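Each chain gets a letter, A, B and so on, in the order the sequences are listed, and its residues count up from 1. Since we're looking at a predicted model, the values are computed, not measured.
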Amino acid sequence: MSKASTKPPSGTRDFLPADIARRRYVVSVIETVYQGSGFVPLETPSFENLSTLLGKYGDEGDQLVYRLLHRRDALKRALEKDDVSESDLADLGLRYDLTVPLARVVAQYRDLPRFFKRYQIQPVWRADRPGRGRFREFYQCDVDVIGVTTLIAEAEVLGAVAEVLTRLGFEDFTLRLNHRALLRGLIETAGVAPADEQTALVALDKLDKVGPDGVRAELRTRGISDDAAALLLELLVEKASAAKSDDELTEVLGAALRSDAGRAALDQLSELRALLDHTPAKGRYRLSPELARGLGYYTGPIFEISVADLAGSLGGGGRYDDLIGMFGKQQIPAVGCSLGLERILLVMEERGMYPPLRVGPELMLCSLDVEPAALLETANALRQQGLSVEVFPTRSKLGKQLAYADSVGAPFAAILGADEAAAGDVTLKQLASGEQARVALHEAAGWIAARAPDAAP
RNA sequence: GUGGGUGUAGCUCAGUGGUAGAGCAUCGGAUUGUGGUUCCGAGGGCCGUGGGUUCAACCCCCAUCACCCACCCCA
(Lines give C-alpha, C1' and ligand atoms only; values in the text may rest on other atoms or scores of the structure.)
Protein backbone atom coordinates (compact mmCIF):
# COMPACT_ATOMS: atom_id res chain seq x y z
CA MET A 1 0.00 0.00 0.00
CA SER A 2 1.24 3.44 -0.78
CA LYS A 3 -0.49 4.92 2.22
CA ALA A 4 0.07 3.65 5.71
CA SER A 5 -2.37 1.10 7.06
CA THR A 6 -5.13 2.62 9.16
CA LYS A 7 -5.49 -0.46 11.27
CA PRO A 8 -3.88 -0.30 14.70
CA PRO A 9 -0.95 -2.70 15.11
CA SER A 10 -1.83 -6.32 15.64
CA GLY A 11 -2.79 -7.01 19.22
CA THR A 12 -3.75 -3.41 19.98
CA ARG A 13 -7.15 -1.75 19.72
CA ASP A 14 -8.68 1.66 19.29
CA PHE A 15 -11.32 2.33 21.91
CA LEU A 16 -14.27 4.07 20.28
CA PRO A 17 -16.79 5.96 22.44
CA ALA A 18 -19.06 2.96 22.93
CA ASP A 19 -16.05 0.84 23.93
CA ILE A 20 -14.96 3.46 26.43
CA ALA A 21 -18.40 3.48 28.02
CA ARG A 22 -18.23 -0.26 28.64
CA ARG A 23 -14.64 -0.14 29.88
CA ARG A 24 -15.37 2.73 32.26
CA TYR A 25 -18.38 0.94 33.62
CA VAL A 26 -16.33 -2.14 34.48
CA VAL A 27 -13.41 -0.11 35.82
CA SER A 28 -15.72 1.93 38.03
CA VAL A 29 -17.10 -1.24 39.62
CA ILE A 30 -13.58 -2.53 40.18
CA GLU A 31 -12.39 0.73 41.73
CA THR A 32 -15.43 1.00 43.96
CA VAL A 33 -14.89 -2.47 45.36
CA TYR A 34 -11.13 -2.11 45.72
CA GLN A 35 -11.43 1.21 47.49
CA GLY A 36 -14.16 -0.19 49.68
CA SER A 37 -11.72 -2.85 50.83
CA GLY A 38 -9.17 -0.24 51.86
CA PHE A 39 -6.89 -0.40 48.83
CA VAL A 40 -5.31 2.85 47.63
CA PRO A 41 -4.40 3.72 44.04
CA LEU A 42 -0.94 3.69 42.51
CA GLU A 43 0.34 4.43 39.01
CA THR A 44 3.81 3.71 37.69
CA PRO A 45 5.59 4.57 34.41
CA SER A 46 4.84 2.74 31.17
CA PHE A 47 8.48 1.78 30.86
CA GLU A 48 11.06 0.65 33.36
CA ASN A 49 14.76 -0.07 33.32
CA LEU A 50 15.32 -3.48 31.79
CA SER A 51 17.25 -4.44 34.91
CA THR A 52 14.01 -3.97 36.84
CA LEU A 53 12.00 -6.13 34.50
CA LEU A 54 14.25 -8.99 33.47
CA GLY A 55 14.84 -12.08 35.53
CA LYS A 56 11.49 -11.89 37.31
CA TYR A 57 9.14 -13.71 34.98
CA GLY A 58 11.14 -16.74 33.93
CA ASP A 59 12.86 -17.25 30.59
CA GLU A 60 9.65 -17.24 28.58
CA GLY A 61 8.50 -14.05 30.23
CA ASP A 62 11.79 -12.26 29.63
CA GLN A 63 11.47 -12.95 25.91
CA LEU A 64 8.06 -11.26 25.87
CA VAL A 65 9.26 -7.96 27.32
CA TYR A 66 9.18 -5.15 24.75
CA ARG A 67 12.57 -3.46 24.55
CA LEU A 68 12.99 0.21 23.78
CA LEU A 69 15.94 0.71 21.46
CA HIS A 70 18.72 3.10 22.43
CA ARG A 71 18.47 6.51 20.76
CA ARG A 72 20.94 8.48 18.64
CA ASP A 73 24.60 8.18 19.66
CA ALA A 74 24.09 5.37 22.12
CA LEU A 75 22.40 3.33 19.42
CA LYS A 76 25.12 4.19 16.92
CA ARG A 77 27.85 3.13 19.34
CA ALA A 78 26.05 -0.11 20.13
CA LEU A 79 25.61 -0.98 16.48
CA GLU A 80 29.29 -0.36 15.79
CA LYS A 81 30.36 -3.03 18.24
CA ASP A 82 31.70 -6.18 16.65
CA ASP A 83 29.51 -8.60 18.49
CA VAL A 84 26.29 -6.75 19.25
CA SER A 85 24.22 -8.36 21.96
CA GLU A 86 20.66 -7.66 23.00
CA SER A 87 21.72 -5.84 26.14
CA ASP A 88 23.91 -3.46 24.09
CA LEU A 89 20.89 -2.22 22.17
CA ALA A 90 18.39 -1.41 24.88
CA ASP A 91 18.25 -0.49 28.53
CA LEU A 92 14.53 0.23 28.85
CA GLY A 93 11.45 -1.93 28.38
CA LEU A 94 7.65 -1.59 28.54
CA ARG A 95 6.20 -2.95 31.73
CA TYR A 96 5.11 -6.56 31.48
CA ASP A 97 2.86 -6.59 34.53
CA LEU A 98 2.00 -4.39 37.49
CA THR A 99 3.49 -6.58 40.20
CA VAL A 100 7.16 -6.04 39.47
CA PRO A 101 6.79 -2.22 39.29
CA LEU A 102 4.97 -2.41 42.62
CA ALA A 103 7.82 -4.38 44.12
CA ARG A 104 10.24 -1.71 42.89
CA VAL A 105 8.09 1.05 44.39
CA VAL A 106 7.87 -0.71 47.73
CA ALA A 107 11.63 -1.16 47.85
CA GLN A 108 12.18 2.49 46.88
CA TYR A 109 9.80 4.31 49.23
CA ARG A 110 10.50 3.02 52.69
CA ASP A 111 7.95 5.22 54.41
CA LEU A 112 4.88 3.58 52.90
CA PRO A 113 2.35 2.23 55.40
CA ARG A 114 3.52 -0.93 57.11
CA PHE A 115 0.67 -2.86 55.56
CA PHE A 116 0.48 -1.27 52.13
CA LYS A 117 -2.70 -2.16 50.28
CA ARG A 118 -2.64 -0.79 46.76
CA TYR A 119 -4.67 -1.20 43.60
CA GLN A 120 -3.47 -0.32 40.11
CA ILE A 121 -5.32 -0.25 36.81
CA GLN A 122 -3.00 0.39 33.88
CA PRO A 123 -1.99 -1.16 30.57
CA VAL A 124 0.84 -3.65 30.25
CA TRP A 125 2.60 -4.86 27.10
CA ARG A 126 3.69 -8.28 25.96
CA ALA A 127 5.54 -9.07 22.72
CA ASP A 128 3.26 -11.99 22.07
CA ARG A 129 1.21 -13.39 19.21
CA PRO A 130 -2.36 -12.17 19.68
CA GLY A 131 -5.35 -14.50 19.75
CA ARG A 132 -8.87 -14.66 21.15
CA GLY A 133 -8.87 -12.58 24.32
CA ARG A 134 -5.14 -12.01 23.93
CA PHE A 135 -3.53 -8.70 23.12
CA ARG A 136 -0.11 -7.15 23.04
CA GLU A 137 -1.40 -4.14 24.95
CA PHE A 138 -3.97 -4.85 27.64
CA TYR A 139 -5.14 -3.57 31.00
CA GLN A 140 -4.61 -5.31 34.28
CA CYS A 141 -6.48 -4.45 37.45
CA ASP A 142 -4.28 -5.46 40.36
CA VAL A 143 -4.84 -5.57 44.08
CA ASP A 144 -1.97 -6.42 46.36
CA VAL A 145 -1.28 -6.49 50.08
CA ILE A 146 2.31 -5.76 51.07
CA GLY A 147 3.87 -6.60 54.40
CA VAL A 148 1.42 -9.22 55.62
CA THR A 149 2.39 -12.84 56.17
CA THR A 150 -0.95 -14.03 57.48
CA LEU A 151 -3.55 -15.58 55.23
CA ILE A 152 -5.82 -12.63 55.95
CA ALA A 153 -4.03 -10.97 53.05
CA GLU A 154 -4.95 -13.78 50.66
CA ALA A 155 -8.50 -13.79 51.93
CA GLU A 156 -8.87 -10.02 51.48
CA VAL A 157 -7.50 -10.09 47.96
CA LEU A 158 -9.63 -13.03 46.87
CA GLY A 159 -12.66 -11.60 48.60
CA ALA A 160 -12.24 -8.34 46.69
CA VAL A 161 -11.99 -9.94 43.26
CA ALA A 162 -14.92 -12.23 44.03
CA GLU A 163 -16.97 -9.19 45.00
CA VAL A 164 -16.01 -7.42 41.77
CA LEU A 165 -17.09 -10.33 39.60
CA THR A 166 -20.30 -10.78 41.54
CA ARG A 167 -21.22 -7.12 41.18
CA LEU A 168 -20.54 -7.29 37.45
CA GLY A 169 -23.03 -10.12 37.22
CA PHE A 170 -20.82 -13.19 36.99
CA GLU A 171 -22.46 -16.14 38.67
CA ASP A 172 -20.31 -19.01 37.52
CA PHE A 173 -16.69 -18.11 38.18
CA THR A 174 -14.32 -20.34 40.10
CA LEU A 175 -11.29 -19.28 42.10
CA ARG A 176 -8.86 -22.12 41.58
CA LEU A 177 -6.44 -22.47 44.47
CA ASN A 178 -3.07 -24.14 44.70
CA HIS A 179 0.24 -23.67 46.47
CA ARG A 180 3.72 -23.62 45.03
CA ALA A 181 5.08 -25.70 47.91
CA LEU A 182 2.31 -28.26 47.43
CA LEU A 183 3.23 -28.54 43.76
CA ARG A 184 6.87 -28.97 44.64
CA GLY A 185 5.96 -31.64 47.18
CA LEU A 186 3.82 -33.53 44.70
CA ILE A 187 6.51 -33.40 42.04
CA GLU A 188 9.07 -34.59 44.55
CA THR A 189 6.78 -37.37 45.73
CA ALA A 190 6.30 -38.51 42.13
CA GLY A 191 10.06 -38.87 41.80
CA VAL A 192 10.73 -36.06 39.34
CA ALA A 193 14.27 -34.75 39.65
CA PRO A 194 14.41 -31.29 41.27
CA ALA A 195 16.13 -29.96 38.13
CA ASP A 196 13.06 -30.90 36.08
CA GLU A 197 10.62 -29.23 38.45
CA GLN A 198 10.08 -26.15 36.33
CA THR A 199 9.53 -28.07 33.10
CA ALA A 200 7.13 -30.40 34.86
CA LEU A 201 5.17 -27.39 36.08
CA VAL A 202 4.84 -25.99 32.57
CA ALA A 203 3.56 -29.30 31.27
CA LEU A 204 1.09 -29.70 34.13
CA ASP A 205 -0.31 -26.25 33.60
CA LYS A 206 -1.72 -27.42 30.28
CA LEU A 207 -3.79 -30.17 31.85
CA ASP A 208 -7.15 -28.55 31.27
CA LYS A 209 -6.26 -27.80 27.65
CA VAL A 210 -4.56 -30.97 26.38
CA GLY A 211 -5.85 -33.53 28.87
CA PRO A 212 -3.91 -36.19 30.83
CA ASP A 213 -2.57 -37.93 27.71
CA GLY A 214 -1.35 -34.65 26.33
CA VAL A 215 0.47 -33.89 29.55
CA ARG A 216 1.96 -37.40 29.58
CA ALA A 217 3.33 -36.86 26.07
CA GLU A 218 4.58 -33.41 26.99
CA LEU A 219 6.37 -34.74 30.06
CA ARG A 220 8.01 -37.46 27.98
CA THR A 221 9.30 -35.03 25.35
CA ARG A 222 10.69 -32.93 28.16
CA GLY A 223 12.73 -35.84 29.40
CA ILE A 224 10.79 -36.87 32.46
CA SER A 225 10.58 -40.61 33.08
CA ASP A 226 7.35 -42.42 32.33
CA ASP A 227 7.19 -43.75 35.87
CA ALA A 228 7.40 -40.32 37.40
CA ALA A 229 4.93 -38.94 34.88
CA ALA A 230 2.44 -41.73 35.62
CA LEU A 231 2.70 -41.17 39.35
CA LEU A 232 2.33 -37.44 38.97
CA LEU A 233 -0.76 -37.78 36.86
CA GLU A 234 -2.23 -40.30 39.23
CA LEU A 235 -1.81 -37.88 42.10
CA LEU A 236 -3.02 -34.84 40.24
CA VAL A 237 -5.65 -36.18 37.92
CA GLU A 238 -7.11 -39.45 39.08
CA LYS A 239 -7.14 -38.69 42.77
CA ALA A 240 -8.07 -35.09 42.23
CA SER A 241 -11.04 -35.85 40.02
CA ALA A 242 -12.14 -38.79 42.17
CA ALA A 243 -12.30 -36.63 45.26
CA LYS A 244 -15.80 -35.34 45.89
CA SER A 245 -14.80 -32.35 47.94
CA ASP A 246 -11.82 -30.17 48.72
CA ASP A 247 -11.65 -31.79 52.15
CA GLU A 248 -11.50 -35.24 50.67
CA LEU A 249 -8.89 -34.18 48.16
CA THR A 250 -6.82 -32.66 50.96
CA GLU A 251 -6.96 -35.93 52.84
CA VAL A 252 -5.98 -38.01 49.81
CA LEU A 253 -3.09 -35.77 48.87
CA GLY A 254 -1.90 -35.51 52.45
CA ALA A 255 -1.74 -39.27 52.74
CA ALA A 256 0.19 -39.62 49.50
CA LEU A 257 2.64 -36.78 50.05
CA ARG A 258 6.17 -37.62 51.13
CA SER A 259 7.17 -34.06 51.81
CA ASP A 260 6.75 -32.11 55.02
CA ALA A 261 6.77 -28.81 53.17
CA GLY A 262 4.03 -30.12 50.89
CA ARG A 263 1.89 -31.13 53.83
CA ALA A 264 2.42 -27.73 55.44
CA ALA A 265 1.25 -26.09 52.22
CA LEU A 266 -1.82 -28.28 52.25
CA ASP A 267 -2.56 -27.14 55.80
CA GLN A 268 -2.21 -23.54 54.73
CA LEU A 269 -4.69 -24.06 51.94
CA SER A 270 -7.15 -25.61 54.36
CA GLU A 271 -6.80 -22.62 56.63
CA LEU A 272 -7.27 -20.28 53.68
CA ARG A 273 -10.41 -22.11 52.55
CA ALA A 274 -11.86 -21.76 56.01
CA LEU A 275 -11.19 -18.02 55.96
CA LEU A 276 -12.68 -17.58 52.49
CA ASP A 277 -16.00 -18.85 53.77
CA HIS A 278 -16.33 -15.54 55.59
CA THR A 279 -15.70 -13.39 52.49
CA PRO A 280 -17.52 -12.82 49.18
CA ALA A 281 -15.42 -15.70 47.84
CA LYS A 282 -17.51 -18.18 49.82
CA GLY A 283 -18.68 -21.01 47.62
CA ARG A 284 -16.61 -19.76 44.70
CA TYR A 285 -13.29 -21.52 45.25
CA ARG A 286 -11.95 -24.97 44.49
CA LEU A 287 -8.65 -26.72 45.12
CA SER A 288 -6.79 -27.24 41.84
CA PRO A 289 -3.55 -29.11 42.53
CA GLU A 290 -2.64 -29.04 38.84
CA LEU A 291 -2.68 -25.23 38.66
CA ALA A 292 0.89 -24.02 38.09
CA ARG A 293 0.95 -20.47 36.66
CA GLY A 294 3.87 -19.46 34.57
CA LEU A 295 5.34 -16.51 36.40
CA GLY A 296 8.49 -17.30 38.30
CA TYR A 297 8.11 -15.12 41.35
CA TYR A 298 5.32 -16.92 43.23
CA THR A 299 6.28 -18.57 46.48
CA GLY A 300 3.11 -19.60 48.33
CA PRO A 301 -0.59 -19.88 47.54
CA ILE A 302 -1.44 -19.24 43.90
CA PHE A 303 -4.82 -18.62 42.30
CA GLU A 304 -6.51 -18.30 38.99
CA ILE A 305 -10.05 -17.24 38.07
CA SER A 306 -11.88 -19.41 35.55
CA VAL A 307 -15.18 -19.30 33.72
CA ALA A 308 -16.44 -22.13 31.54
CA ASP A 309 -16.57 -20.34 28.20
CA LEU A 310 -13.05 -18.90 28.19
CA ALA A 311 -9.97 -21.02 27.55
CA GLY A 312 -7.71 -18.64 29.43
CA SER A 313 -8.44 -17.07 32.79
CA LEU A 314 -10.14 -13.89 33.93
CA GLY A 315 -7.23 -13.24 36.24
CA GLY A 316 -4.79 -14.76 38.62
CA GLY A 317 -2.28 -14.13 41.32
CA GLY A 318 -0.49 -15.46 44.33
CA ARG A 319 1.97 -14.84 47.09
CA TYR A 320 5.45 -13.58 46.21
CA ASP A 321 7.44 -13.22 49.40
CA ASP A 322 10.88 -12.96 47.74
CA LEU A 323 10.26 -10.48 44.91
CA ILE A 324 10.59 -7.21 46.81
CA GLY A 325 13.82 -8.44 48.32
CA MET A 326 15.26 -8.58 44.80
CA PHE A 327 15.12 -4.76 44.75
CA GLY A 328 16.30 -3.93 48.24
CA LYS A 329 17.96 -5.36 51.27
CA GLN A 330 14.75 -5.99 53.08
CA GLN A 331 12.64 -9.01 52.36
CA ILE A 332 8.98 -7.99 52.47
CA PRO A 333 6.13 -10.47 52.03
CA ALA A 334 3.37 -9.75 49.54
CA VAL A 335 0.32 -11.26 47.90
CA GLY A 336 -1.83 -10.02 45.09
CA CYS A 337 -4.27 -10.78 42.35
CA SER A 338 -4.81 -9.35 38.89
CA LEU A 339 -8.01 -9.12 36.86
CA GLY A 340 -7.65 -9.00 33.07
CA LEU A 341 -9.90 -6.16 31.94
CA GLU A 342 -10.24 -7.27 28.31
CA ARG A 343 -10.95 -10.84 29.33
CA ILE A 344 -13.79 -9.63 31.52
CA LEU A 345 -15.07 -7.34 28.76
CA LEU A 346 -14.90 -10.15 26.21
CA VAL A 347 -17.03 -12.51 28.27
CA MET A 348 -19.47 -9.76 29.27
CA GLU A 349 -19.84 -8.78 25.63
CA GLU A 350 -20.53 -12.33 24.51
CA ARG A 351 -23.03 -12.87 27.30
CA GLY A 352 -24.72 -9.50 26.93
CA MET A 353 -24.05 -8.57 30.55
CA TYR A 354 -23.84 -4.78 30.14
CA PRO A 355 -26.49 -2.47 31.53
CA PRO A 356 -27.69 0.25 29.13
CA LEU A 357 -24.88 2.77 28.75
CA ARG A 358 -25.44 6.13 27.08
CA VAL A 359 -22.53 7.47 25.05
CA GLY A 360 -23.98 10.55 23.33
CA PRO A 361 -25.19 13.83 24.82
CA GLU A 362 -28.34 13.88 26.90
CA LEU A 363 -29.88 16.58 24.75
CA MET A 364 -29.48 17.57 21.09
CA LEU A 365 -30.25 21.22 20.52
CA CYS A 366 -31.89 21.62 17.10
CA SER A 367 -32.73 24.99 15.61
CA LEU A 368 -34.75 26.62 12.87
CA ASP A 369 -34.19 30.17 11.64
CA VAL A 370 -32.22 31.17 14.73
CA GLU A 371 -29.06 33.22 14.73
CA PRO A 372 -25.91 31.34 15.86
CA ALA A 373 -25.49 33.74 18.78
CA ALA A 374 -28.95 32.94 20.12
CA LEU A 375 -28.32 29.23 19.58
CA LEU A 376 -25.12 29.27 21.62
CA GLU A 377 -26.78 31.40 24.26
CA THR A 378 -29.52 28.80 24.65
CA ALA A 379 -27.02 25.93 24.71
CA ASN A 380 -25.12 27.64 27.48
CA ALA A 381 -28.29 28.20 29.49
CA LEU A 382 -29.18 24.51 29.18
CA ARG A 383 -25.66 23.47 30.16
CA GLN A 384 -25.78 25.71 33.21
CA GLN A 385 -28.74 23.62 34.31
CA GLY A 386 -26.45 20.61 34.34
CA LEU A 387 -27.55 19.07 31.06
CA SER A 388 -25.14 17.49 28.61
CA VAL A 389 -25.97 19.34 25.40
CA GLU A 390 -24.79 19.05 21.81
CA VAL A 391 -25.60 21.83 19.37
CA PHE A 392 -26.60 20.79 15.86
CA PRO A 393 -24.18 23.04 14.01
CA THR A 394 -25.61 23.63 10.54
CA ARG A 395 -28.89 24.93 9.14
CA SER A 396 -30.73 21.78 8.17
CA LYS A 397 -34.24 20.48 7.91
CA LEU A 398 -35.63 19.54 11.29
CA GLY A 399 -36.02 15.93 10.23
CA LYS A 400 -32.29 15.67 9.56
CA GLN A 401 -31.51 17.17 12.93
CA LEU A 402 -33.76 14.75 14.79
CA ALA A 403 -32.40 11.80 12.83
CA TYR A 404 -28.91 12.84 13.84
CA ALA A 405 -29.96 13.17 17.49
CA ASP A 406 -31.29 9.64 17.35
CA SER A 407 -28.22 8.27 15.57
CA VAL A 408 -25.84 9.53 18.27
CA GLY A 409 -28.02 8.12 21.04
CA ALA A 410 -29.31 11.35 22.56
CA PRO A 411 -32.49 10.50 24.48
CA PHE A 412 -33.86 14.06 24.21
CA ALA A 413 -33.97 16.82 21.61
CA ALA A 414 -34.63 20.50 22.10
CA ILE A 415 -36.09 22.54 19.28
CA LEU A 416 -35.35 26.22 19.19
CA GLY A 417 -37.32 28.02 16.50
CA ALA A 418 -37.84 31.71 16.02
CA ASP A 419 -41.04 31.51 18.10
CA GLU A 420 -39.40 29.82 21.06
CA ALA A 421 -36.38 32.09 20.93
CA ALA A 422 -38.55 35.17 21.02
CA ALA A 423 -40.54 33.88 23.98
CA GLY A 424 -37.63 32.51 25.99
CA ASP A 425 -38.98 29.01 25.57
CA VAL A 426 -37.70 25.77 24.13
CA THR A 427 -39.60 22.79 22.75
CA LEU A 428 -38.43 19.52 24.31
CA LYS A 429 -38.97 16.09 22.88
CA GLN A 430 -38.29 12.65 24.27
CA LEU A 431 -37.18 10.67 21.24
CA ALA A 432 -38.15 7.20 22.43
CA SER A 433 -41.75 8.08 23.29
CA GLY A 434 -42.28 11.03 21.00
CA GLU A 435 -43.64 13.03 23.93
CA GLN A 436 -43.14 16.73 23.31
CA ALA A 437 -43.80 19.95 25.16
CA ARG A 438 -42.95 23.62 24.94
CA VAL A 439 -41.56 24.88 28.24
CA ALA A 440 -39.78 27.93 29.57
CA LEU A 441 -36.04 27.62 29.00
CA HIS A 442 -35.24 27.58 32.72
CA GLU A 443 -37.60 24.63 33.25
CA ALA A 444 -35.85 22.40 30.70
CA ALA A 445 -33.72 20.40 33.13
CA GLY A 446 -36.72 19.69 35.34
CA TRP A 447 -38.80 18.46 32.42
CA ILE A 448 -36.00 16.14 31.35
CA ALA A 449 -35.17 14.91 34.84
CA ALA A 450 -38.79 13.83 35.28
CA ARG A 451 -38.47 11.63 32.21
CA ALA A 452 -34.80 10.55 32.19
CA PRO A 453 -34.57 6.75 32.19
CA ASP A 454 -31.43 6.74 34.32
CA ALA A 455 -28.46 8.84 35.17
CA ALA A 456 -25.50 9.16 32.84
CA PRO A 457 -22.65 6.73 33.40
C1' G B 1 9.92 -18.73 15.69
C1' U B 2 7.35 -23.60 12.56
C1' G B 3 2.88 -25.24 9.50
C1' G B 4 -1.90 -23.72 6.93
C1' G B 5 -5.06 -19.72 4.98
C1' U B 6 -6.50 -14.79 3.28
C1' G B 7 -5.37 -9.85 0.92
C1' U B 8 -11.04 -6.41 -4.22
C1' A B 9 -15.40 0.21 -1.80
C1' G B 10 -15.22 2.92 5.07
C1' C B 11 -17.03 -2.46 6.83
C1' U B 12 -18.44 -7.77 5.39
C1' C B 13 -17.57 -10.27 0.98
C1' A B 14 -18.88 -11.95 -4.52
C1' G B 15 -16.33 -12.17 -9.28
C1' U B 16 -14.30 -13.52 -14.72
C1' G B 17 -7.48 -14.12 -18.92
C1' G B 18 -10.20 -8.74 -22.24
C1' U B 19 -9.26 -2.84 -17.96
C1' A B 20 -15.10 -4.40 -11.55
C1' G B 21 -20.05 -5.81 -8.41
C1' A B 22 -23.67 -6.75 -3.86
C1' G B 23 -25.20 -5.87 1.17
C1' C B 24 -24.33 -2.60 5.19
C1' A B 25 -22.50 2.30 6.31
C1' U B 26 -22.20 7.58 4.54
C1' C B 27 -24.50 11.71 1.92
C1' G B 28 -28.77 13.62 -1.01
C1' G B 29 -34.13 13.37 -2.58
C1' A B 30 -39.64 11.68 -1.78
C1' U B 31 -43.33 20.17 -1.21
C1' U B 32 -43.14 24.47 3.80
C1' G B 33 -41.05 23.19 12.01
C1' U B 34 -40.66 16.56 13.59
C1' G B 35 -36.43 11.07 13.68
C1' G B 36 -36.45 5.36 13.88
C1' U B 37 -39.69 1.91 8.62
C1' U B 38 -39.94 2.16 3.15
C1' C B 39 -38.69 3.86 -1.93
C1' C B 40 -35.27 6.44 -5.34
C1' G B 41 -30.40 8.35 -6.24
C1' A B 42 -25.10 9.72 -5.44
C1' G B 43 -20.13 9.53 -3.98
C1' G B 44 -16.27 6.16 -3.09
C1' G B 45 -11.55 1.01 -5.46
C1' C B 46 -3.96 1.92 -9.92
C1' C B 47 -8.52 -5.27 -7.08
C1' G B 48 -1.87 -5.41 -0.59
C1' U B 49 3.27 -4.15 -2.90
C1' G B 50 7.27 -5.24 -6.60
C1' G B 51 8.58 -8.15 -10.67
C1' G B 52 7.41 -11.99 -14.58
C1' U B 53 4.29 -14.78 -18.47
C1' U B 54 0.74 -12.88 -22.26
C1' C B 55 -1.70 -9.04 -27.72
C1' A B 56 -4.15 -8.42 -22.90
C1' A B 57 -3.59 -9.89 -15.69
C1' C B 58 -7.93 -8.37 -10.31
C1' C B 59 -7.57 -13.49 -12.25
C1' C B 60 -1.65 -17.44 -14.02
C1' C B 61 3.76 -17.61 -11.92
C1' C B 62 7.72 -15.73 -8.45
C1' A B 63 9.01 -12.63 -4.51
C1' U B 64 7.75 -9.42 -0.52
C1' C B 65 4.71 -7.33 3.23
C1' A B 66 0.34 -7.42 6.21
C1' C B 67 -3.46 -9.91 8.60
C1' C B 68 -6.06 -14.56 10.27
C1' C B 69 -5.93 -19.80 12.28
C1' A B 70 -3.02 -23.73 14.82
C1' C B 71 1.59 -24.93 17.97
C1' C B 72 3.99 -22.17 22.11
C1' C B 73 2.88 -18.88 26.22
C1' C B 74 -0.19 -15.86 29.09
C1' A B 75 -4.60 -11.50 31.79
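- Within the 4.0 angstrom heavy-atom criterion, base atoms lie near A:Lys429.
- Here B:C69 presents its C1' atom at 13 Å from CZ of A:Arg134, a figure rounded to the nearest Å.
- In a base pair of the Watson-Crick type (N1 to N3 plus N6-O4 or O6-N4) or a G-U wobble (N1-O2 and O6-N3), with each distance short of 3.5 Å, B:U32 is matched with no nucleotide.
- No N or O donor and acceptor, one from the side chain of A:Arg136 and one from the base of B:C74, sit under 3.5 Å apart.
- In this structure, A:Lys397 does not reach the B:G29 phosphate: none of its side-chain N or O atoms is under 4.0 Å from OP1 or OP2.
- The side-chain tip of A:Lys117 points at the ring of A:Phe39 from less than 6.0 angstrom away and within 45° of straight on.
- Note: CG (A:Leu398) to C1' (B:U31) measures 16 Å, nearest angstrom.
- One C1' atom belongs to B:G51, the other to B:C68, and the distance between them is 26 Å to the nearest Å.
- Look at CD on A:Gln401: it is 12 Å from P on B:G35, rounded to the nearest Å.
- Heavy atoms of A:Asp419 sit under 4.0 angstrom from at least one base atom.
- Counting any heavy atom pair closer than 4.0 Å across all strands shown, A:Ile344 reaches no nucleic acid atom.
- Looking at A:Asp321 and A:Arg319, a side-chain N of the basic residue comes within less than 4.0 Å of a carboxylate O on the acidic one, giving a salt bridge.
- Figure legend. B:C59 is base-paired to no nucleotide; pairs are counted as Watson-Crick or G-U wobble with both atom distances under 3.5 Å.
- In this structure, A:Glu137 reaches neither bases nor backbone, as no heavy-atom distance under 4.0 Å exists between it and the strands shown.
- Figure legend. B:G21 is base-paired to B:C13; pairs are counted as Watson-Crick or G-U wobble with both atom distances under 3.5 Å.
- The aromatic ring of A:Phe138 stacks onto the base of B:A75, its centre lying under 5.5 Å from the centre of the six-membered base ring with the two planes under 30° apart.
- When rounded to the nearest whole Å, the span between CG of A:Leu339 and P of B:C74 equals 18 Å.
- Going from atom CG of A:Leu64 over to atom C1' of B:A75 covers 13 Å, rounded to whole Å.
- A:Ser338 comes within 4.0 angstrom of nothing in the nucleic acid, heavy atoms only.
- With B:C74, B:U34, B:G28 as the candidates, the nucleotide lying closest to the side chain of A:Arg343 is B:C74.
- Comparing the P positions of B:C47 and B:A9 gives a spacing of 10 Å, expressed to the nearest Å.
- As rounded to the nearest Å, B:G41 and B:U54 have P atoms that lie 45 Å from one another.
- Atom P of B:G36 sits at a distance of 12 Å from the matching atom of B:U26, rounded to the whole Å.
- A cation-pi contact, defined as under 6.0 Å to the ring centre and within 45° of the axis, links A:Arg13 to A:Phe135.
- Evaluation of atom-type donor-acceptor distances gives no pair under 3.5 Å for the side chain of A:Gln436 against the base of B:G33.
- A gap of 6 Å separates the P atoms of B:U8 and B:G48, to the nearest Å.
- Straight-line distance between the C1' atoms of B:G35 and B:U19: roughly 44 Å, to the nearest whole Å.
- B:A20 and B:C59 have their P atoms separated by 13 Å, given to the nearest Å.
- B:U64: Watson-Crick or G-U partner is B:G48, with both key distances under 3.5 Å.
- With respect to A:Ile187, the side chain to side chain contact (heavy atoms under 4.5 Å, CB included) criterion is satisfied by exactly one of A:Leu235, A:Leu182, A:Leu232: A:Leu232.
- Atom P of nucleotide B:A75 and atom CE of A:Met348 are separated by 21 Å, given to the nearest angstrom.
- Contacts of A:Tyr139 with the nucleic acid, taken as non-hydrogen atoms under 4.0 Å apart, are absent.
- Between A:Ser313 and A:Leu402, it is A:Leu402 whose nearest contact on RNA chain B lies nearer the 5' terminus.
- We find that A:Glu188 and A:Arg184 are not joined by a salt bridge, their nearest charged nitrogen and carboxylate oxygen being 4.0 Å or further apart.
- The CZ atom of A:Phe392 sits 14 Å away from the C1' atom of B:G33 (whole-angstrom rounding).
- A:Arg23 has a carboxylate O that lies under 4.0 Å from a charged side-chain N of A:Glu342, or vice versa, which qualifies the two as a salt bridge.
- Across all strands shown, B:G3 pairs with B:C69; the Watson-Crick or G-U wobble distances both stay below 3.5 Å.
- Ring pair A:Tyr298/A:Tyr320 is perpendicular by interplanar angle, where above 60° counts as perpendicular and below 30° as parallel.
- Between the CG atom of A:Leu428 and the P atom of B:G35 there is a distance of 18 Å, given to the nearest Å.
- Which of B:G33, B:C73, B:G35 sits closest to the side chain of A:Asp128 comes down to B:C73.
- Look at the C1' atom in both B:G15 and B:A22: the space between them is 11 Å, to the nearest Å.
- Within a 6.0 Å sphere centred on CD1 of A:Ile152, other residues, nucleotides and ligands contribute 12 heavy atoms or fewer.
- Phosphate contact (OP1/OP2 of B:C68, side-chain N/O of A:Ser10, threshold under 4.0 Å): present.
- Figure legend. B:G41 is base-paired to B:C27; pairs are counted as Watson-Crick or G-U wobble with both atom distances under 3.5 Å.
- For A:Phe135 and A:Leu368, each mapped to the nucleotide of RNA chain B holding its nearest heavy atom, the one lying further toward the 5' end belongs to A:Leu368.
- With hydrogens and angles ignored, no donor-acceptor pair closer than 3.5 Å exists between the side chain of A:Arg126 and the base of B:C73.
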